[in-house]
Amino acid sequence: MDLRSELLKSIWYAFTALDIEKSGKVSKSQLKVLSHNLCTVLSIPHDPVALDEHFRDDDDGPVSNQGYMPYLNKYILDKVVPGSFIKEDVDNLCWTLTAKKNYQQGVKILAREDSFRLWCLFNFLSEDKYPLVMVPDEVEYLLKKICMAMSMELNCVELEDYLSQESVLQNGFTVWAFLNMMNSGKLTRGISKETITMGVEEVYREIVGDVLKEGYLWKKSQLRRNWKERWFTLKPTSLSYYTNEDRKDCKGSINLDKNCCVEVLPDRDGKRCMFCLKTITKTYEMSASDTRQRQEWTSAIQTAIRLQAEGKSSLHKELKQKRRDQREQKESRRRAKEQEMQRLQALQEEKQRKLAELELLKEAQKQAQALLQQDEQRRRTQYEQLQQALEVQLKEAEEARANMEAEMVLKEAEAEKQRRRILELEDMQQGLEEALQQEIKARQDEEAFRYAQARLLAEEEEKMKALMSLQEEQEEYILKTQREKQELRQEMESKSRSLNEAQRQLEEVRANRHRVDQDVVAAQKKLRQASTNVKQWNVQMNRLMHPIGPGEKRPSGGGSFSSFKIPSQKDPGLKLRVKSEQQQQQEDEESKENVHRSSPTLEEDRRLSQSLNGNMDMDIP
C-alpha cells in the first residue's frame with residue numbers, strides 16, 4: 001500500500017464527515033476549507049481559485065466524492081513530496097473532523113489520544129476498498145498485539161461474541177464499532193488507563209511508525225571511546241539513538257542499506273553481550289543487557305537490512321500482505337473443500353439414484369419373472385386344455401408352441417440384458433465405495449501427518465528449551481568466573497597498595513635516619529666547638545688565677561705542675577670555675593639526651609656517649 005492510498009483513507013473519513021445529510025455530496029465552501037487544511041499539513045502551496053476553476057461548468061450545488069477525486073489527485077496528491085510533511089498531522093486533521101460527527105460522546109475508557117491511535121491502526125489494517133472495514137482476522141490480530149504489549153491475555157470469549165455477530169461476519173468491522181467495542185470495557189476489564197495507553201502507543205509506533213524495536217543499549221563513542229547508555233529506535237531505514245526514552249534529544253542516526261551487516265563480539269572492556277553494526281564508513285559497537293536482548297537486536301537489525309536489500313520500506317506492510325494472501329489461500333482452500341464436498345454429495349446422490357434405479361430394475365425383474373410364471377402357468381393350462389380338447393389341432397398347437405418359444409427366447413434375452421445392467425450398476429457402486437474409502441484413508445493419513453508434525457514441533461521446542469537452559473547455565477558460570485577474577489584482581493590491587501605503602505614508610509624511615517645523622521654531625525660539631533671554648537676558658541681561668549706581677553718570673557724547673565697550688569674553697573676563681581664546669585656537664589648531659597632521642601640505634605648512642613666523655617676528659621685539666 002503506497003502513500004497515496006494511506007492518505008486517501010484518512011481523507012475519505014474527512015469527506016464523509018462533512019456529508020451531514022449522507023447524500024454523498026459536500027458543499028464547495030466546506031471542500032475549500034478541507035483543501036486549504038490539507039495543503040497546509042501536506043506542506044504544498046494552496047491555490048484557492050483552482051477548485052472554482054475545476055468545477056466552473058457545474059452549478060453552485062454540492063460536489064460528490066467522484067467529482068472531488070480528480071481535483072484532489074491533480075491539485076493536491078500529485079504535488080505531495082514524501083518526507084516533506086508529517087503524516088500524523090494529516091491523520092490528526094481528518095480524525096478531528098470525523099470524530100466530532102461519528103465518535104460517540106459520554107463515558108469512555110479510551111483517552112482521546114488512544115482513540116486516535118486506534119483509528120490510525122484501523123486505517124492501516126483495513127481492507128483496500130470503501131467503505132473501510134476490517135475483517136475479523138485483522139481485528140483479532142490487532143487485539144492480540146495490544147494485549148501482548150500490555151502483558152495480558154486476550155478475552156477470547158468476549159471477542160468471539162463480537163465476531164460471531166451476523167453483521168460482522170457479512171460486512172466486517174467498522175472503525176466506530178471497533179472503538180465502541182474497546183470502550184465497552186469487556187475486553188480490557190481490570191486494566192488501568194495508563195496501561196492501555198502504553199500498550200496502544202507501543203503497537204502504534206510498531207505498526208504505523210514502522211518501529212521494529214526500541215530499548216536501551218550501551219554505545220561506544222567514536223571519538224572518546226567511552227561507553228554511554230542510549231535509547232535506540234530501529235526502523236527499516238535507520239537506527240537512531242537518543243539521550244533517554246522520551247526521544248526529544250537525538251544524538252545521532254545510522255542509515256541502513258544492503259551493504260550493512262551486524263556481528264556478535266566477545267566480551268571486553270568490562271562489557272558483555274556485545275555486538276557491532278558495520279557500515280561502509282564506520283563500525284558501531286554496542287552492548288545489550290543480556291544474551292536474549294542481543295539476539296533480539298541483531299535479528300531485528302538483520303530484518304531491517306533484508307528489507308532494504310529487497311527494496312521494501314515497511315515490515316508490517318509486508319506482514320499485512322502475507323496475512324491477506326494467507327486469508328485468500330484459506331478462502332480458496334475453503335471454497336475448494338466446499339466444491340469437493342459438493343462433488344462428493346453429488347456422487348452420493350448419484351449413488352443413491354443408481355441404487356434406486358437398481359431397486360426399480362430388481363422390482364421390474366421380479367414382476368417380469370412373475371409375469372413369466374403366470375404366462376408359463378397359463379401356457380401349461382392352455383396346453384393341457386388344447387392337448388385334451390384339441391388333439392386334432394396338433395399342428396396348429398405346435399406352431400403356437402413354436403411362437404411361444406420364440407417369445408420366451410426374446411424375454412430371456414431381455415432378462416439377460418437387465419442382469420448385465422444390474423451387474424454394471426453393482427460395479428459402479430463398488431467403484432464409488434472404493435473412491436469413498438480412499439478419500440477416508442487420505443483424510444486419516446493427513447490427520448496422522450498433522451499429529452506427527454505437531455509431535456515433532458513439541459520435541460523441537462523441548463530441545464530448544466533445554467538448549468536455552470544450558471546456555472543460561474554457561475552464562476552463569478562465566479559470570480561467576482568473572483566475579484572471582486574481579487575479586488582476585490581487587491585482592492592483588494590491595495596487596496600492591498600495601499606494598500607501596502610499606503615502601504613509602506621505608507623511604508620515610510630512611511629520610512628520618514638521614515636527618516638524624518645530620519643532627520648527630522651538627523651535635524658533634526657543637527661539642528667540638530664547646531670543647532674548644534672550654535679549653536680557652538681554662539686558659540683564661542688559669543691566667544686569672546695566677547696573674548703575673550711586675551718583675552715576676554715563672555719557675556723554670558720542677559715540671560709544669562710543681563708550683564700548682566690547690567686554691568681554697570673560698571677562692572672566688574675556684575667557685576667560678578666549678579660553676580662553669582657544672583654548667584658544661586649539664587649541657588653535655590642535655591646533648592647526650594638529645595642525641596639519644598634522635599639516635600636510631602643503641603650502638604650509636606654508646607659511641608656518641610664515649611666520644612662525649614672522651615672530649616670532656618680531654619678538656620678538663
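The analysis underlying the following values was restricted to heavy atoms, covering all of them including side chains, and did not include hydrogens, waters or symmetry mates.
- Residues K337 and E340 are not paired through a salt bridge, judged by the lack of any N-O separation under 4.0 Å between the basic side chain and the carboxylate.
- Between R443 and the choices E439, K441, E447, the side-chain contact (heavy atoms from CB on, under 4.5 Å) rule is met once, by E439.
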Practice task
Take E201 and R205, measure what salt bridge (Lys or Arg N to Asp or Glu O under 4.0 Å) needs, and give me the verdict at the end.
Solution key: CA-CA 6 Å; E201 182 181 4; R205 286 185 54 77; 5.6 Å; no
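- With sequence neighbours excluded, no residue satisfies salt bridge (Lys or Arg N to Asp or Glu O under 4.0 Å) with K193.
- Shown here for V175 and Y13, the closest heavy-atom pair between the two residues is CG1-OH, 3.4 Å.
- The two atoms that bring L18 and V26 nearest to each other are CB-CG1, 3.7 Å, heavy atoms only.
- Panel note: side chain R247, backbone E245; a donor-acceptor pair is recorded below 3.5 Å.
- Between E113 and R117, at least one side-chain nitrogen of the basic residue sits less than 4.0 Å from a carboxylate oxygen of the acidic one, meeting the salt-bridge criterion.
- We find that R268 and E285 are joined by a salt bridge, their nearest charged nitrogen and carboxylate oxygen being less than 4.0 Å apart.
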Exercise for the section: Kindly determine whether K463 and E459 satisfy salt bridge (Lys or Arg N to Asp or Glu O under 4.0 Å), including the steps that lead there. Expected result: CA-CA 6 Å; K463 291 181 180 178; E459 293 177 356; 5.5 Å; no
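- Under a 3.5 Å cut-off, the side chain of K9 and the backbone N or O of S126 do form a donor-acceptor pair.
- Within a 6.0 Å sphere centred on NZ of K219, heavy atoms belonging to other residues, nucleotides or ligands number more than 12.
- In this structure, CG in L436 is found 11.0 Å from CD in E434, a value given to the nearest 0.5 Å.
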Practice task
For the pair E350 and K354, evaluate salt bridge (Lys or Arg N to Asp or Glu O under 4.0 Å) and give the outcome as yes or no after the intermediate values.
Solution key: CA-CA 6 Å; E350 182 68 19; K354 296 293 184 181; 3.6 Å; yes
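- Among all heavy-atom pairs drawn from V200 and I146, the shortest one is CG2-CG2, 4.4 Å.
- Residues W297 and F275 keep their aromatic ring centres 6.0 Å or farther apart.
- Checking T237, N255, N259 one by one against Q308, the side-chain contact (heavy atoms from CB on, under 4.5 Å) holds for a single residue, T237.
- Within 6.0 Å of the CZ atom in R224, the count of heavy atoms belonging to other residues, nucleotides or ligands does not exceed 12.
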